[in-house]
Amino acid sequence: MRNANPQLWEFAVQIAIHHDDPATHTVAAIGFYKALVHLGVKEVRRCIQRLEKWRLKGQKIETPGRLLMHLLNEKARAATGFNINDLGTEPGAVLS
């Protein structure tokens, strides 16, 4: 992933660092990378903005990474019929 699309990988890592627990950064970054590949940067940013909007309104979010992944999974199921963990790291790829 790092070599296939370094810009998307860097963005995925930044999302993981900002939203997830340090113990799950690597796994989270892979999930966010898959979301970026299959949903696109624009859609992932919309989900992040939605989460940040809730935070700014004062809503306490204990696990922002989990909530963000929930939002992204909803989008992924609508777009592909699969959850993010079932998708591959290339456009159109699904794990069997």
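The first residue in the sequence is number 1, and the count goes up from there. Bear in mind that the values here come from a model prediction, so they are computed numbers and not experimental data.
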Strictly by salt bridge (charged side-chain N to carboxylate O under 4.0 Å, His left out), give each pair with a member in residues 69-79 just once, sequence neighbours left out.
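Listed once each, the pairs are Glu43-Lys75.
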
Which residue pairs satisfy the salt bridge (charged side-chain N to carboxylate O under 4.0 Å, His left out) criterion with at least one member in residues 8-22, sequence neighbours excluded?
none

Might you point out which heavy atoms bring Leu71 and Cys47 nearest each other, and give the distance in Å?
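What the structure gives for the nearest pair is CD1-O, 3.9 Å.
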
Given side chains that start at C-beta, do those of [X] and [Y] come closer than 4.5 Å, heavy atoms only?
X     : Y     : value
His19 : Leu67 : no
Asn5  : Gln7  : yes
Leu68 : Ile15 : yes
Met69 : Ile84 : yes
Asn73 : Phe82 : no

So how far is it from His25 NE2 to Ile30 CD1, rounded to the nearest 0.5 Å?
13.0 Å

Distance check, rounded to the nearest 0.5 Å: Ile61 atom CD1 versus Leu51 atom CG?
4.5 Å

Go through the structure and list residues passing side chain to side chain donor-acceptor pair (under 3.5 Å) with [X], not counting sequence neighbours.
X     : answer
Arg45 : none
Arg66 : none
Arg50 : none
Asn85 : none

Going hydrophobic residue to hydrophobic residue with side-chain gaps under 4.5 angstrom, can you get from Val27 over to Val44?
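As far as the 4.5 Å side-chain criterion goes, Val44 and Val27 are not connected within one cluster.
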
For Arg55, which residues count as a salt bridge (Lys or Arg N to Asp or Glu O under 4.0 Å) partner, sequence neighbours excluded?
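Result, salt bridge (Lys or Arg N to Asp or Glu O under 4.0 Å) vs Arg55: Glu52.
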
Would you say the side-chain atoms of Lys34 pair up with the backbone N or O of Thr89, donor to acceptor, closer than 3.5 Å?
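No, Lys34 side chain to Thr89 backbone: no donor-acceptor pair under 3.5 Å.
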
Tell me if a side-chain donor or acceptor on His38 pairs with a main-chain N or O of Ala79 at a distance below 3.5 Å.
no

Could you work out, with side chain to side chain contact (heavy atoms under 4.5 Å, CB included) as the rule, every residue matching Ala12, not counting sequence neighbours?
Phe32, Tyr33, Leu36

